[in-house]
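Okay, so here's the structure we're looking at.
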Amino acid sequence: MSLVTTLARIEAAATGRAQPVATVRHRHLAERPLVLVPLTTAGEAGAPLGAMVGTDRDAPRLLVVPQPRDRTLRFAFLAELADAVLPHLESAQDEVELVERSETDPETGRKAKVEVELCADAPQLVVPSAAGVDHVRLLGRSMRFRRTAEEDPEAAHPAPPRLPLLGRWLTHYGERARVPGSSLLLAVTEVLGRHWATGQSRLEDQHLGALLAWITAGDGESGAEAALRAELARDRDGLLLTPPAGPATDPAFDNRRLAPAVARYDAGLPGAEAEIRELVASQLRPTWDAVWQGLDLLRALPPGAHVADRWKRDRWSYTAHRDRVRAGEPPQPRRDDAVTAARKLAARETAQAELAAQEALDDPLVMAERRMAGEAFEGEVIEVEMAYSSGKRPMPRPLVTVRTADRPHLEGGERLHRALESGKPQPGTFAGSPAPGLLTVRLTGGMGRGREPEAGSVPEKGETVCWTLFEHAPRGGPDLPDPEETPWTHGGPPDPDALDAPDPVTPEDLL
Amino acid sequence: MSGTPAGAPAGTASLDGTEARAGTEARAGTEARSGAGSGTGAAPDPGAAAAAATGAILRDVLSGAHRGVVVDSPPGAGKTTLVVSAARELAAAGRPLMIVAQTNAQVDDLVDRLATAEPELPVGRLHSSEAQPYSPVLDRHPSVVKSSKAADLAGLDVVVSTAAKWAHVRGAGPWEQAIVDEAYQMRSDALLSVAGLFERALFVGDPGQLDPFSQVGAEQWAGLSYDPSASAVATLLAHNPGLPVHRLPVSWRLPASAAPLVSRAFYPYTPFRSGTGPGERRLEFTVPSDGSRVDRVLDEAAGSGWGLLELPARHTPRTDPEAVAAVAAVVRRLLERGGEAFGERSGEPSPVTAERIAVGTAHRDQAAAVRAALASLGVTDVAVDTANRLQGREFDVTVVLHPLSGRPDATAFHLETGRLCVLASRHRHACVVVCRAGVPELLDEYPSAEPVQLGVTVKFPDGWEANHAVLAHLAEHTVPW
């Protein structure tokens, strides 16, 4: 935890109110996100109990499984979920813009410009918490390999027609959510936690009700008290006033209310199904409202300057998945092969570095964190001395001296970066510290090709500049071999059958 | 859980030194077939034991019977020497060789050592296209060819570069043989991007040092044999379980006072011994003690090899000002008192100058704080760095700011076995640890509670165990602040 975050948490604990740790919103929020609040059955992995889903906060669609152990009802629930979610996920497929992209021609090996489609927008999915994201992945995994009657007429239990497709989309969204800074699938607790520091632990922040209590704590009651109430307060019947944000349910609710109602349903009593619907709705509705409240809080923040760039990556991701589905490709494999896993990890590390840099550039409070950590410094330019590189064509290499109270970790020769007005990064190297509190940077680029630097590319005396030790647009890793060329150290090329084969039976399987 | 190595019987090392892996890592489902040879006592001459091990390794590499050969090396066991001699032998046998190291400093060091050992050997240094891509030391060797393009170096007996640079090489090779240095610090995905360049390889590394890490979560691949965030050796052996795994049995760096502790705490199933016996290395001061706590801990460390300067228990920020000041005071006093190191290399003492001292920390901001404190005392040229960056380096005396000092919690990062192992195994003579009191209690309050991942190799010992072992030993050499 950085010093700034630690301080914000201490202040939050002392004042009883969450403190902002960001001045802008660092994630994209769609105008019309689809909110999904899932509930699962206790003790039965992957058995949905119900869900509240929709794009209109006043008109959520309630889906309920009256007997979660009944697989037919489960399928019916998933079919209904597909009916509620798929139209939204598919809604942005056809509105596209044409973008030029350079691609390598597989035959000639040359790079050529090609025009490709990029979806103009991408549908956003919002769940209450990180556990909700996991649940989306679980739903995706449980559905994408199902076979419909059309695909496999012999199947004993064919899945409803659109169910495998929903599984593939949810898998894609769940996988995309692992990319730092992505916004296709958001967990409200995570995004709120990025923008506010509370006086409780990070673990406690995963409770949506408690987190909101800290952020919205008002007159008379401290965040700590409000959070405690959100976590523990129960009504006369012993039910939580703020039910958990799911997908797990409150055991007291399960035992006292749900179990008897399901028993009545099993016994075929009239009205039992309606009762279960009402019960499940009573657990879902507070979370549903809390999610929208969280979105309101986030919407009040202006978006960071780089948020749209990152959202464009999400749109690319969405478009790529659309293309794979349209091309009739099979569902995502159970496990990544060695090359795919390495590629994903490399892409996420690049995304993480880029996110960290962009958040700092977009937000002075985040940059303050990096400055405190010695990874950046800001100050007033007090001297600019023109200098040139030696060589056949001397290039401008001006020396800029900055007065700063920051104490960056510099020893000499480090590369530095700053953002120009245009948003492009300008490189420099640390040239030394002429006196305490003074740092000199030699500009090494971003000044055009001429002998004289382009206007505005060299800071002027009196200007405030901010140099970072981290790159603004980190490069990705090296190319990896194609999966068919996986080397012997990594088991050779993957055998597609082995990837999908069931796990081998080991002695430990038979107790 | 299968694969618990604790019960593996202590066998004897086979004569040629090849052993089944008894590893600091026990692989699930793989029987640890033999314990290490009893590290002390069995062979009277450490030189002979080391030579036998090296001979067996070179035989295995030159025979070409296996696509891969793995060598586990404890700290200071002559890993680089092994790489240099293997490179020379392979070159002599006419087998084109590429060497993969992890950092530019390691590459430059290796090239320098190679060219010094055999000035006639045509060595290529493949480097990046940045300014100052390699150490100017290399310009002293006429036989070393430097280029940023692999094609320029084609035909040279040995080409050396970093894994990151090799990963961008296309259309060259494949090389018949590769040596991968610091293979335990290399990530599996880095190996994936270079493994297409060579037919067979010798993997050398220290399994007890810091594991490679990833800035982003990689749990989704945990348990897969090719988990991209795992170490290169873990992936290699998971896919090629029959490869021979050798072990270097003698640490030439660690003194007799340190090798048993480091071996016991960090390499419990593959013990090693020190190359020097008790009393062969001595540390003395020309200026006598002034009786202060700093001087007392220095005397304790000089006499026993270890000293713990224990500050009162307190929860502090990472850059604990008192602990930082204490570290700086120890370093300054060490220089002021004119340390003299007596060793096996010569009868004359060598002065313990600033270059022979290092300060090790867990975090970069701690290192920066110590550097600032030393600068304000007028002390320069002392290496102050994090465990990650001190890996592979050697000093006479080290001063360590304990990773858990002043912390309210014990996270996986601070408990990591490799971190403490690196910090506790950089010295030839003595190590002074600066720490707040209360770490054993902290450890007991935070037993390791990382989630168990199926199929993941369980590493032994865990950080909790290793930290306790080291603290128990340090407790005997404590000087309270």
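Per chain, numbering begins at 1; letters A, B, ... match sequence-line order. Here the structure is a predicted model, which means the values were calculated and not measured.
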Side chain, backbone, both or neither: which part of [X] has an atom under 4.5 Å from a heavy atom of chain A?
| X | result |
| --- | --- |
| B:Thr319 | neither |
| B:Ser214 | both |
| B:Asn240 | side chain |
| B:Glu219 | neither |

Residue pair B:Thr411 / B:Asp409, side-chain donor-acceptor N/O under 3.5 Å: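 There is no such pair (donor and acceptor under 3.5 Å, judged by atom type) between the side chains of B:Thr411 and B:Asp409.
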Ring pair (Phe, Tyr, Trp, His ring centres under 6.0 Å) against [X], all qualifying residues, sequence neighbours excluded:
| X | answer |
| --- | --- |
| B:Trp221 | none |
| A:His490 | none |
| A:His26 | A:His195 |

Contact listing (chain A partner; residues 366-384 of chain B; heavy atom under 4.5 Å):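 Heavy-atom contacts from residues 366-384 of chain B to chain A are B:Ala368, B:Arg371.
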Flag side-chain contact, heavy atom, 4.5 Å: A:Thr468 against A:Glu375: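 Side chain of A:Thr468 against side chain of A:Glu375, heavy atoms only: no contact under 4.5 Å found.
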Among the listed options A:Leu345, A:Val179, A:Leu480, the residue most often paired with chain B at heavy-atom distances under 4.5 Å: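 Counting heavy-atom pairs under 4.5 Å, the top option is A:Leu345.
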Geometric class of the B:Tyr226/B:His239 ring pair [parallel <30°, tilted 30-60°, perpendicular >60°]: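 The arrangement is parallel - the two ring planes meet at less than 30°.
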Electrostatic pair B:Glu130:A:Arg415 at N-O distance under 4.0 angstrom: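 Yes, charged N to carboxylate O under 4.0 Å.
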Criterion side chain to side chain contact (heavy atoms under 4.5 Å, CB included) against A:Thr444, the qualifying member of A:Pro427, A:Pro396, A:Ser389: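 In the set A:Pro427, A:Pro396, A:Ser389, the residue that makes a side chain to side chain contact (heavy atoms under 4.5 Å, CB included) with A:Thr444 is A:Pro427.
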